Amino acid sequence: MFYTSTRDKTLRVEASEAITRGISAEGGLFVPTEIPKVSLSDLQDLIPLSYIERAKKILALYLTDFTPEEIDYCVNGAYKAGKFSSEKVAPTVKLDGSASILELFRGPTCAFKDMALQLLPYLLTTSAKKTAPDKDIVILVATSGDTGKAAMAGFQDVDRTRILVFYPDNGVSPMQKLQMVTQEGENVGVCAIRGNFDDAQSSVKKIFTDKAVGEKLAENGLMFSSANSINWGRLVPQIVYYCSAYADMVEAGEVKLGEPMNVVVPTGNFGNILAAYYAKQMGVPIAKFICASNANNVLTDFLTTGTYDKNRKFYTTASPSMDILISSNLERLLFMMSDGDDAAVRGWMDALSKDGKYTVPDDVFAKIRENFAAGCADDDKTFATIKATYEKDHYLSDTHTGVAIAVYNEYVEKTGDKTPTVIASTASPYKFPKAVLTALNGEAPAIDEFDMAAELSKQTGTVVPPQLASLKEKKVRFDNVCDIPDMEQQVYDLLHI
Ligand SMILES: *Cc1c(COP(=O)(O)O)cnc(C)c1O
């Protein structure tokens, strides 16, 4: 199997090269030239397997230039016992009615990013051995809060890699910030920027594809790669858990083998929900993808009108990992929905960067509408949903998951669609203790984050994840802040070149 680019479909590279490069030279994203299939009996065969064994089977279909030994090594390392707080790695929990929660936050940093970023360092170092054996890899990350920490946790002290993280100074929760600035490891660097996530992401993309910067790195034996969800190595691990969730839904008797489920995903960069769409293309029975946004509802509007327009107010919300107006992975969906029309994709992406908007033609939009529904919830609605879900189902959700549950409830009310549904839960409530306490009680006491976490634990009888509680004792290692134009210099400083 080969990978091509959404902006140049004549390109052919193997999985290892797509993963090492992160983004294609002309700015497009790597996508598989064909999507491997799983049959219903393949899905049934997943049921008795552990998550690790399920992952090996699915990943082997996409990473066709990896040997079975390499896949074993990568997957065994990523999901080994003790790293995730559930033996099932990504368990499902049944709520009242037709919905089950797919808990993707049981990893080392308490966000769903761990599902991919525990595996990516293995995929990337294995790929780099094949494609760039003489270079050390520099990972540049723009983060809206969770990616930065999860990426550093994955890459910490991984041989022949360095990782540099930029986050919006006022755009992450205090717990998220503490997680990043206390990160240990000889190969990590962190810098706050004066700007929002989209500013950080655009600037990282620019540095990343700048020829002169690339040459300077090469002179020092270095090359860039990406741990953002534009990297295929981030996306492919996420396909696994939708296949796995379907097997679990069948095993739990929630769906019969072959019958469809719906999937609800709290969405930012469109990576997580796109992974679910790949699972459907493979043969996993999924009827609808329900895309949930917060007040930054650019995707809700796109999925209901066919026009993507980022010219709008940017809101800082209680679900910061979804505070995004440019959803990079949508480009991959557009490529698929236009039957691989790379010229059209280039046109839309040019329009997006020039005018901040584009409209897709009716036939493309019709295909999108067939699969995707969308909705949004502001902070008030999200808080009310967190409280109601806790009181009704005794399930405590974080703010991002709260957005998803709110949008799902509204979807069911509007459509009457009772299809068994999996709602992706993307973070531990303890990453956002102030917001969650406010949701439950109408206010949060004026105490520090750790005391709030303790209070939340006392009130709900749930446990503070030890990796968050222990941040209190950790030393702050990074306190630098820079302006957007200075990010390139920061890269050189952090790399000492
Ligand atoms: C990153 C993130 C999201 C958004 O995921 P995308 O793949 O970017 O759509 C949602 N919730 C949480 C907690 C996240 O960290």
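The residues of the chain are indexed from 1 along the displayed sequence. Order of listing sets the numbers, starting from 1, for every ligand and every atom in it. If you're wondering where the values come from, they're calculated on a predicted model, not measured in any experiment.
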*asked:* Show me, by chain and number, every protein residue that has a heavy-atom distance under 4.0 Å to ligand 1.
replied: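 Ligand 1 pocket, heavy atoms under 4.0 Å: F112, K113, D146, P266, T267, G268, N269, F270, G271, N272, S321, M322, H400, T426, A427.
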_Would you say NZ of K367 has more than 12 non-hydrogen atoms from neighbouring residues, nucleotides or ligands within 6.0 angstrom?_
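Yes, the 6.0 Å shell around NZ holds more than 12 heavy atoms from other groups.
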*Applying side chain to side chain donor-acceptor pair (under 3.5 Å), which residue pairs with at least one partner in residues 162-173 are found, sequence neighbours left out?*
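Qualifying pairs, neighbours excluded: none.
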Taking distance alone, no hydrogens or angles, what donor-acceptor pairs closer than 3.5 Å link side-chain atoms of residues 87-99 to residues at least two apart or in another chain?
| residue | atom | partner | partner atom | Å |
| --- | --- | --- | --- | --- |
| K88 | NZ | D248 | OD1 | 3.4 |
| K94 | NZ | G97 | O | 2.8 |
| S98 | OG | Y408 | OH | 2.7 |

*Any idea which heavy atoms bring C110 and P465 closest together, and the distance?*
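The answer is SG-CB, 3.7 Å.
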*Answer yes if the side chains of R332 and N329 hold a donor-acceptor pair under 3.5 Å, and no otherwise.*
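The criterion, which ignores hydrogens and geometry beyond distance, is satisfied for N329 and R332.
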_Applying ring-ring contact (aromatic ring centres under 6.0 Å, His included) as the test, list every pair that has at least one member in residues 285-325; sequence neighbours left out._
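Checked against ring-ring contact (aromatic ring centres under 6.0 Å, His included) - neighbours excluded - the pairs reaching residues 285-325 are Y277-F289, F289-F372, F302-Y308, Y308-Y358.
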